[in-house]
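Small disclaimer: the values here were computed from a predicted structure and weren't measured. For reference, positions follow the sequence shown, starting with 1.
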Amino acid sequence: MTTATHLPLSPLPEAEMDHILAEFHRDGYCILRNVLTPDEIEALITAIDRIFIDERFAANRQGPFIAVRLFETHPIFEQMLTREPIITLVERLLGDDCHLIAENAVRNRPGEAISQFHVDDLLIFPVAEGMDRHDPRLTMPVHVLTVQMPLTPVHELADGPSQYIPGSHYSGRQPNDSEHPDFEGRQPVSIFTEPGDLYLHNGQCWHRGAPNTSEKTRYLFQLSFSRRWVSQRFYPFVNYQLPPGVYERADQRRRRVLGFHTKGAYG
């Protein structure tokens, strides 16, 4: 767990990277402190608010408090796709040919949340009948992960923190209770953060956003990445076209993150 004033725009030292990766593989999530700068936080909040009030971005709204395909809307979101030390950490987990599958924001006001425990999209590694869980000697494969960046303080349960069940990516099951799950006696852990902190999770780890019962609006910026074989989720999918300016402004690494790969398996 990092404690520097603000992390430099470079990969983490190897020893620190190894510690974070070990924590991620063990628990299904990990935390980095003090990553984003105050200027970045302010720019991200301003750009997110713009999506919800500017009708030019109506197609980027998914319901009342979720925004999608943010890289289409403002250069700050393009820059975050390859922001260090995030991208190198992601590449260590998913491979140098990984790509983005979603860049979203959650702006949930009091009473709004995705508040049931879940795994992302679908259960990838179900256990067979008679198995209690996956063997703890395994390092569970990671095919999809999400980087969560709270842009407002999350200091108490009323603020709607993300919650995780440590080790539940080894369960091979959906959560055993959508409100109060446990895995081998482990209860939900709330992630309390300052703006600029971030955390990564394996999509198979049981998690939720606790209900926001405060009087504040919670801002959460999200980057979801996958291994190359997992398809991107840019609506309308097959017919999706990246805005030309986004491609033109991108260097080779960012173009690959956006899905412009060299030839590979299956053509």
Side-chain angles (χ1 to χ4, degrees), residues 9-14 17-18 20-22 24-25 28-30 32 35 47 57 59-60 62 66-105 119-126 134 138-149 169 172 198 200-205 221-267:
L9 296 175
S10 59
L12 296 172
E14 279 299 312
M17 181 95 72
D18 289 343
I20 290 169
L21 293 172
F24 179 90
H25 286 302
Y29 64 92
C30 64
L32 282 75
V35 179
F57 303 119
N60 297 95
Q62 186 170 297
I66 298 175
V68 300
R69 303 188 310 280
L70 302 186
F71 53 83
E72 297 177 344
T73 68
H74 194 283
I76 185 65
F77 297 119
E78 299 171 38
Q79 297 161 19
M80 295 305 296
L81 299 179
T82 47
R83 171 61 155 84
E84 291 286 12
I86 302 166
I87 186 60
T88 295
L89 184 59
V90 169
E91 289 170 345
R92 282 283 299 272
L93 285 162
L94 296 175
D96 291 340
D97 60 351
C98 64
H99 59 211
L100 183 79
I101 61 171
E103 185 179 34
N104 299 344
V119 300
D120 289 334
D121 199 8
L122 80 166
L123 184 65
I124 298 176
F125 305 111
H134 288 295
L138 291 171
T139 297
M140 291 300 293
V142 185
H143 294 295
V144 178
L145 66 82
T146 295
V147 183
Q148 309 259 38
M149 302 181 220
H169 56 309
L198 62 83
L200 294 75
H201 73 247
N202 183 333
Q204 300 295 288
C205 185
F221 171 51
Q222 302 172 318
L223 292 165
S224 294
F225 296 92
S226 73
R227 294 188 182 274
R228 177 174 173 169
W229 67 266
V230 179
S231 64
Q232 296 179 299
R233 307 302 174 89
F234 306 152
Y235 183 82
F237 313 122
V238 171
N239 295 322
Y240 177 76
Q241 292 187 338
L242 186 76
V246 176
Y247 179 84
E248 292 162 3
R249 287 186 291 269
D251 61 13
Q252 284 302 113
R253 190 185 205 184
R254 191 175 298 164
R255 288 177 181 179
R256 185 261 304 164
V257 165
L258 286 164
F260 291 86
H261 294 282
T262 57
K263 289 184 177 180
Y266 307 108

Quiz prompt | Close side-chain approach of Val35 and Arg83, heavy atoms under 4.5 Å | solution = yes
Quiz item: Between Phe71 and Tyr240, what is the ring plane arrangement, given parallel below 30°, perpendicular above 60°, and tilted in between?
Solution: perpendicular
Quiz item: Do Ser226 and His99 come close enough that some side-chain heavy atom pair is under 4.5 Å?
Solution: yes
Quiz item: Taking side chain as C-beta onward, heavy atoms only, is Glu78 less than 4.5 Å from Leu258?
Solution: no
Quiz item: Distance from Gln252 atom CD to Phe260 atom CZ, nearest 0.5 Å?
Solution: 10.5 Å
Quiz item: Is the distance between the ring centroids of Phe125 and His143 under 6.0 Å?
Solution: yes
Quiz prompt | Within-4.5 Å side-chain heavy-atom neighbours: Trp229 and Tyr266 | solution = no
Exercise. Kindly determine whether Phe221 and Leu198 satisfy side chain to side chain contact (heavy atoms under 4.5 Å, CB included), including the steps that lead there.
Key: CA-CA 9 Å; Phe221 171 51; Leu198 62 83; over 6 Å; no
Quiz item: Salt bridge between Glu84 and Arg253, side-chain N to carboxylate O under 4.0 Å?
Solution: yes
Self-check item: Contact summary for Ala59 and Val68, nearest pair of heavy atoms
Solution: O-CG2, 4.4 Å
Quiz item: Glu91 pairs by side chain to side chain contact (heavy atoms under 4.5 Å, CB included) with which of Leu93, Leu94, Leu89, Ile87?
Solution: Ile87
Quiz item: Side chains of Leu223 and Val90: closer than 4.5 Å at any heavy-atom pair?
Solution: no
Quiz item: Does Val119 reach the side chain of His169, with side-chain heavy atoms less than 4.5 Å apart?
Solution: no
Exercise. Run the numbers on Leu32 and Leu200 for side chain to side chain contact (heavy atoms under 4.5 Å, CB included), then give the verdict.
Key: CA-CA 8 Å; Leu32 282 75; Leu200 294 75; 4.0 Å; yes
Quiz item: Side chains of His261 and Arg256: does their closest heavy-atom pair fall under 4.5 Å?
Solution: yes
Quiz item: Distance from Asn60 atom CG to Ile66 atom CD1, nearest 0.5 Å?
Solution: 13.0 Å
Quiz item: More than 12 foreign heavy atoms under 6.0 Å from OH of Tyr235: is that the case here?
Solution: no
Self-check item: Heavy-atom closest contact (Gly28 atom, Cys205 atom, distance)
Solution: O-CB, 3.8 Å
Self-check item: Point-to-point distance, once rounded to the nearest 0.5 Å, from CE of Met80 to CD of Glu103
Solution: 8.0 Å
Quiz item: What's the spacing between Arg233 CZ and Asp121 CG if we round to 0.5 Å?
Solution: 4.5 Å
Quiz prompt | Residue pair Phe234 / Glu72, side-chain heavy-atom distance below 4.5 Å | solution = no
Practice problem: Give, for atom CZ of Arg254 and atom CZ of Arg249, the distance between the pair rounded to the nearest 0.5 Å. | Solution: 9.0 Å
Self-check item: Distance, nearest 0.5 Å, that separates CD of Gln62 from CZ of Arg69
Solution: 8.5 Å
